[in-house]
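Everything on this sheet refers to the single structure shown next.
In what follows, every heavy atom counts, from backbone to side chain, and hydrogens, waters and symmetry copies are set aside.
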Amino acid sequence: MVAHLLRLKLTLLRNGLRRSPWQLVGLAFGGLYALGLVGIVVAALILLRTGDPELAQTVVVLGGSAALLGWGLIPVVASAADLTLDPARFTTSAIPMRQLLTGLALGGLIGIPGLATALAALATVWTWARGPLPAVAALVGAAVGVLTCIVLSKVVTTATASLASSRRFKDVSAIAFMVPLVLMGPIVAGVGRGISASTGFLPELAATLSWTPLGAAWSLGGDVAVGRPGAAALKLVIAAATLAVLSWCWKLLLERALVNPPYAGSGSRKGGKLGLFDLLPATPAGAVTARALTYWLRDPRYSGSLVVVPLLPILLVFQGSQSGDYGVLAVAAPLAAFLLAWSISADVSYDNTAFALHVATGVRGVDDRLGRALACLAFALPVVLIFAVGQYFFTGSWSELPGQLGLSLGILFTGLGLSSVVSARYTVAVPLPGDSPFKKPPGNVGQTLVVQFAGMGVLSLLVLPEVSLLIAQLVTGNAMFGWANLAVGLMLGLALFGAGIRLGGKWLDARGPELLAQLTVNR
């Protein structure tokens with residue numbers, strides 16, 4: 001039965017890749033990226049073999065403890081990322097609990113996170129290959145440590161299954177998870193400075209963690225290598241007891257989940273309030289605008305952008321503080337304009353089968369395009385204006401403001417027009433409605449990359465006049481180029497915005513049913 005569960009996961013993964021050759025391309029890129037990161041970690045662990053034992057022990061224990069924490073925390077917000085062996089699917093299957101636990105645990109190794117952790121853990125064996133006994137101890141510790149990581153993630157996901165089935169919890173947790181990802185640079189820099197300022201504290205921290213469930217398994221090879229077999233034996237007991245307790249907790253939680261599977265049903269809701277539909281004009285374009293704005297405010301696949309964009313100035317201010325030059329803030333407004341405008345290039349794909357409402361009711365393509373663009377513009381325009389003006393409180397170069405506004409507004413309006421054309425012609429594989437924003441279903445990954453990069457290239461060409469005028473102002477110092485850029489950005493941007501709305505609407509009228517058929521394939 002265990003082998004059958006493993007074959008089942010491999011079959012599901014293989015069949016998912018067979019749906020589209022582009023999925024293989026995307027997997028190849030993702031695999032190469034993960035392989036590069038793992039290769040760096042493995043190379044560092046191999047080099048530690050000839051280093052100081054205390055340094056090697058510190059690195060291995062702290063790294064292993066961080067990996068265990070990651071496996072325990074990340075599934076809380078990304079539990080929907082891989083549901084190929086979701087325990088809820090075995091509710092009606094009479095599988096013995098021991099075999100089910102073993103199969104699900106080993107199945108956690110099948111995938112990029114599991115393989116990456118296993119490879120890094122096996123590299124610690126070479127770190128402590130300073131004799132046969134340290135190598136064997138490191139191998140035992142690596143096996144126990146990897147299994148503990150997987151079982152801990154299963155305990156967390158099973159324990160939070162009822163929360164994860166709540167739409168509101170998934171929305172909030174997914175958005176909250178994006179914040180540290182965006183701020184990863186400042187966080188890593190701050191941690192790096194803290195580590196460099198307290199290098200003497202790290203060995204003590206590693207020594208303390210080695211006696212806890214976090215680091216006990218990862219310290220076995222180092223203790224044996226420096227002649228502390230008694231300490232290694234006690235830590236092996238701690239690591240084995242941790243794995244046993246976690247397995248027992250997982251068994252109890254899984255038994256309960258199989259008997260009472262989580263239910264994501266909605267409670268009673270009061271009717272009579274139409275929200276944004278009451279505020280906006282009762283026209284086709286107004287209804288589409290209200291619907292799209294509701295998505296932006298309530299759908300984490302959209303609202304994640306609203307959380308990420310305000311963090312851009314923080315990243316740029318941090319970068320400016322590192323170099324002492326806050327001129328880098330000049331890219332805040334153009335970058336925000338691009339990100340927000342290009343975010344609706346997959347708007348129809350995010351609709352999924354709900355796009356059938358537009359096809360069935362005969363909404364004109366131009367109304368559909370205009371409504372979606374106006375919804376994005378409702379908050380994108382204030383954000384771009386605030387970013388463009390706010391940067392000069394740091395730099396003080398107010399003479400450059402008209403040119404900066406011209407470039408930013410040109411990118412925003414031109415990007416919205418181009419996105420309206422792209423989303424009327426191409427569909428991409430995106431997370432389904434209600435799913436985690438991090439869940440990427442199988443689909444045309446390669447085509448998505450081609451379309452996205454080609455669209456960015458076209459947008460760069462369309463805003464070339466604004467870019468040229470801004471460069472001319474910066475080179476000559478003539479403020480007239482800035483005012484000319486503001487006029488060109490507004491007029492050319494609005495003209496391309498209108499052209500994109502009309503062309504996108506024309507394409508949508510011509511191939512609405514075909515788009516809907518493609519969306520059903522991407523499910």
Side-chain angles (χ1 to χ4, degrees), residues 276-277 279-296 299 301-302 305 337-381 409-428 430 433 444 447-448 450-452 454-459 461-463 489-522:
L276 292 172
F277 291 91
L279 301 177
L280 296 175
T283 62
V288 175
T289 303
R291 178 173 175 267
L293 278 174
T294 303
Y295 280 178
W296 277 104
D299 192 328
R301 301 173 302 165
Y302 287 84
S305 301
F338 166 74
L339 292 176
L340 291 172
W342 196 247
S343 63
I344 66 170
S345 63
D347 219 25
V348 174
S349 300
Y350 280 121
D351 269 5
N352 205 264
T353 53
F355 181 66
L357 293 174
H358 293 232
V359 178
T361 55
V363 176
R364 289 197 312 152
V366 67
D367 291 326
D368 178 280
R369 303 290 85 189
L370 182 60
R372 296 176 190 272
L374 290 178
C376 182
L377 195 62
F379 52 84
L381 183 58
L409 294 176
I411 293 176
L412 178 61
F413 289 116
T414 304
L416 288 172
L418 182 60
S419 296
S420 300
V421 175
V422 171
S423 65
R425 177 61 181 84
Y426 299 100
T427 61
V428 297
V430 298
N444 48 354
Q447 176 186 312
T448 300
V450 171
V451 171
Q452 295 295 309
M456 295 175 192
V458 173
L459 180 59
L461 293 176
L462 293 176
V463 298
L490 280 173
M491 292 188 295
L492 182 59
L494 288 173
L496 292 174
F497 175 80
I501 295 297
R502 288 193 297 270
L503 179 58
K506 181 179 178 180
W507 282 7
L508 202 62
D509 289 333
R511 57 187 316 274
E514 287 80 0
L515 271 181
L516 181 59
Q518 291 178 9
L519 292 172
T520 57
V521 170
N522 288 338

CG-CG distance between L377 and L412, expressed to the nearest 0.5 angstrom: 5.5 Å
Min side-chain heavy-atom separation D367-V288 under 4.5 Å: no
Distance-minimising heavy-atom pair for A424 and G504: CB-O, 3.4 Å
N/O donor-acceptor pair under 3.5 Å between R369 side chain and G505 backbone: no
Pairs flagged by side chain to side chain donor-acceptor pair (under 3.5 Å) wherever residues 499-513 is involved - sequence neighbours left out: none
Qualifying residue, where the test is side chain to side chain contact (heavy atoms under 4.5 Å, CB included) with V463 and the options are T414, L496, L492: T414
Main-chain N/O of A341 paired with S419 side-chain donor or acceptor, under 3.5 Å: yes
For F413 against L490, the heavy-atom pair lying closest together: CE1-CD2, 4.3 Å
Derivation of the side-chain contact (heavy atoms from CB on, under 4.5 Å) call for V458 and V422: CA-CA 11 Å; V458 173; V422 171; over 6 Å; no
Spacing of CG belonging to L508 relative to OG belonging to S423, to within rounding of 0.5 Å: 7.5 Å
4.5 Å side-chain heavy-atom contact, I344 and Y350: no
Separation between CZ of F497 and OG of S420, rounded to the nearest 0.5 Å: 6.5 Å
Taking every non-hydrogen atom, the tightest pair across Y295 and A354: OH-CB, 4.1 Å
Derivation and outcome, side-chain contact (heavy atoms from CB on, under 4.5 Å), residues L416 and L340: CA-CA 8 Å; L416 288 172; L340 291 172; over 6 Å; no
Verdict with supporting geometry, R291 and D351, side-chain contact (heavy atoms from CB on, under 4.5 Å): CA-CA 11 Å; R291 178 173 175 267; D351 269 5; 3.2 Å; yes
Side chain to side chain, L418 and W342, heavy atoms closer than 4.5 Å: yes
Close side-chain approach of L516 to V348, heavy-atom, < 4.5 Å: no
Gap separating the OG1 atom of T289 from the CG atom of D368, nearest 0.5 angstrom: 10.0 Å
Side-chain heavy-atom pair L515, H358 within 4.5 angstrom cut-off: no
